[in-house]
Visitor: 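The structure follows.
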Amino acid sequence: MFVKLTINESIAYITLNRPDRLNAYNSEMLDELESAIKTVLTNQTLKAVVIGSSSDSFCTGADLKEIAHRSYRDVINLKSRRIFEELYHAPIISIAAVKGYAIAGGFELALACDFIVAADNARFWLPEVDIGLIPAAGGIERLVQRVGQNLTKEIVICGRRLDASEAHRLGLVTKTVVAAQLEDEVTALLKIIMAKPAWALQIAKISINEATSTRKSVLNLFGRAFLHELRASKTNTIVD
């Protein structure tokens, strides 16, 4: 089994487990990851999901043995993109617990999460252009949103590598800690999240993710209706 799923009360833990390939994913591993995410999304009791690794490397993207003969049609229909998009839009909070390498699709997987907590030995890199490909699993869009076009071009085209501290300084990483404290830091973040109402977490995530999209006007209409409903409720207090 390349992906392990465990559930503890309102938290799901997805653990990448292909250490002999530095958690590079093949088709079977992606299928298992997709199945785990679908299981999480059908569980209405969950507030958060943590994606981590059983080894010293978070994820090094697609296994090169599988992508050697990939065509442009394969890129358009990329399975990893569909899975990462599902994670990005999932109505629960997602946290990437990154240690070691987050390379190529592994970096894109982390970017699909709401928070990235990184060990000080984490390294982020998108090397696809060097082998005649591009980051096609959502990483380009999310990098542009977070750091702008110029820096995204440097990361994607020039292959600029980021260590944990630089990724944090650029706003890509939520927090960096020494590797031995990674689990504790994730637990501390989860404690903050778990104290908040599930419906508020969901609408906050949706609002933030859609704030820069073309659906902003629809979001504003939805938000006004949502706030009106809450103000009419006797069990909720809204502070403007």
Side-chain angles (χ1 to χ4, degrees), residues 2-3 14-30 32-34 37 50-70 74-75 78-85 87-88 94-147 151-177 179 182 186:
F2 297 136
V3 176
I14 294 176
T15 304
L16 307 179
N17 184 43
R18 201 179 179 219
D20 58 313
R21 299 293 294 171
L22 298 178
N23 284 331
Y25 49 74
N26 56 13
S27 293
E28 183 179 352
M29 185 173 177
L30 280 178
E32 291 182 12
L33 178 60
E34 183 173 34
I37 291 174
V50 178
I51 299 181
S53 164
S54 65
S55 67
D56 293 331
S57 179
F58 177 70
C59 178
T60 54
D63 193 322
L64 292 178
K65 291 182 179 179
E66 283 207 352
I67 67 173
H69 305 291
R70 180 177 292 171
D74 296 321
V75 173
L78 208 58
K79 183 188 297 185
S80 57
R81 181 182 182 90
R82 184 182 71 245
I83 296 170
F84 299 171
E85 283 292 314
L87 177 65
Y88 180 75
S94 55
I95 301 171
V98 178
K99 53 186 174 182
Y101 294 119
I103 297 175
F107 191 1
E108 294 181 284
L109 172 58
L111 287 171
C113 294
D114 301 306
F115 299 94
I116 301 176
V117 180
D120 55 1
N121 65 356
R123 298 294 181 269
F124 302 89
W125 179 31
L126 293 175
E128 285 89 340
V129 171
D130 292 341
I131 57 173
L133 299 169
I134 63 167
I140 290 178
E141 297 96 312
R142 294 187 183 104
L143 278 175
V144 171
Q145 290 171 358
R146 299 183 190 187
V147 301
L151 187 52
T152 297
K153 289 175 182 177
E154 190 174 349
I155 293 172
V156 174
I157 296 175
C158 301
R160 178 175 171 179
R161 306 184 189 197
L162 306 174
D163 61 23
S165 61
E166 186 172 20
H168 180 257
R169 180 178 61 81
L170 293 173
L172 294 172
V173 164
T174 307
K175 192 164 186 178
T176 61
V177 294
L182 181 60
V186 170

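Just so you know, residue 1 is the first one in the sequence shown, and it goes up from there. All figures in this text were calculated on a predicted structure; none of them were measured in a lab.
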Visitor: Could you tell me whether Glu28 and Arg18 make a salt bridge, using a distance below 4.0 angstrom between a side-chain N and a carboxylate O?
Guide: no
Visitor: Kindly state each residue pair satisfying side chain to side chain donor-acceptor pair (under 3.5 Å) with at least one member in residues 98-108, sequence neighbours excluded.
Guide: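 Non-adjacent pairs meeting side chain to side chain donor-acceptor pair (under 3.5 Å): zero.
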Visitor: Once you measure the plane-to-plane angle for Phe84 and Tyr25, does it fall in the parallel (<30°), tilted (30-60°) or perpendicular (>60°) bin?
Guide: perpendicular
Visitor: Which residues pass the side chain to side chain contact (heavy atoms under 4.5 Å, CB included) test with Ala97, sequence neighbours left out?
Guide: Val50, Leu182, Val186
Visitor: Less than 4.5 Å apart, side chain to side chain, heavy atoms only: is that true for Asp114 and Thr174?
Guide: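 Result no, sub-4.5 Å side-chain heavy-atom pair not found.
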Visitor: Would you give the length of the straight line joining atom OH of Tyr88 to atom CG of Leu111, rounded to the nearest 0.5 angstrom?
Guide: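 Interatomic distance, Tyr88 OH to Leu111 CG, rounded to 0.5 Å: 10.0 Å.
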Visitor: Given Val3, which partner from the list Ile14, Asn17, Leu30 fulfils the side chain to side chain contact (heavy atoms under 4.5 Å, CB included) test?
Guide: Ile14
Visitor: Compile the donor-acceptor pairs under 3.5 Å between side chains in residues 125-132 and protein atoms, sequence neighbours left out, one pair per line.
Guide:
residue : atom : partner : partner atom : Å
Trp125  : NE1  : Gly159  : O            : 3.3

Visitor: If you take all heavy atoms of Pro19 and Asn23, which pair is closest and at what distance?
Guide: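 For Pro19 versus Asn23, the nearest heavy atoms are N-OD1, 3.8 Å.
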Visitor: Report the residues that fulfil side chain to side chain donor-acceptor pair (under 3.5 Å) with Glu34, sequence neighbours left out, ordered by chain and then residue number.
Guide: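 Counting only residues at least two positions away or on another chain, Glu34 forms a side chain to side chain donor-acceptor pair (under 3.5 Å) with Arg82.
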Visitor: Salt bridge (charged side-chain N to carboxylate O under 4.0 Å, His left out): which pairs involve residues 162-171, sequence neighbours left out?
Guide: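 Found Arg160-Glu166, Glu166-Arg169.
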Visitor: Checking Phe58 now: which residues fulfil ring pair (Phe, Tyr, Trp, His ring centres under 6.0 Å) with it, not counting sequence neighbours?
Guide: none
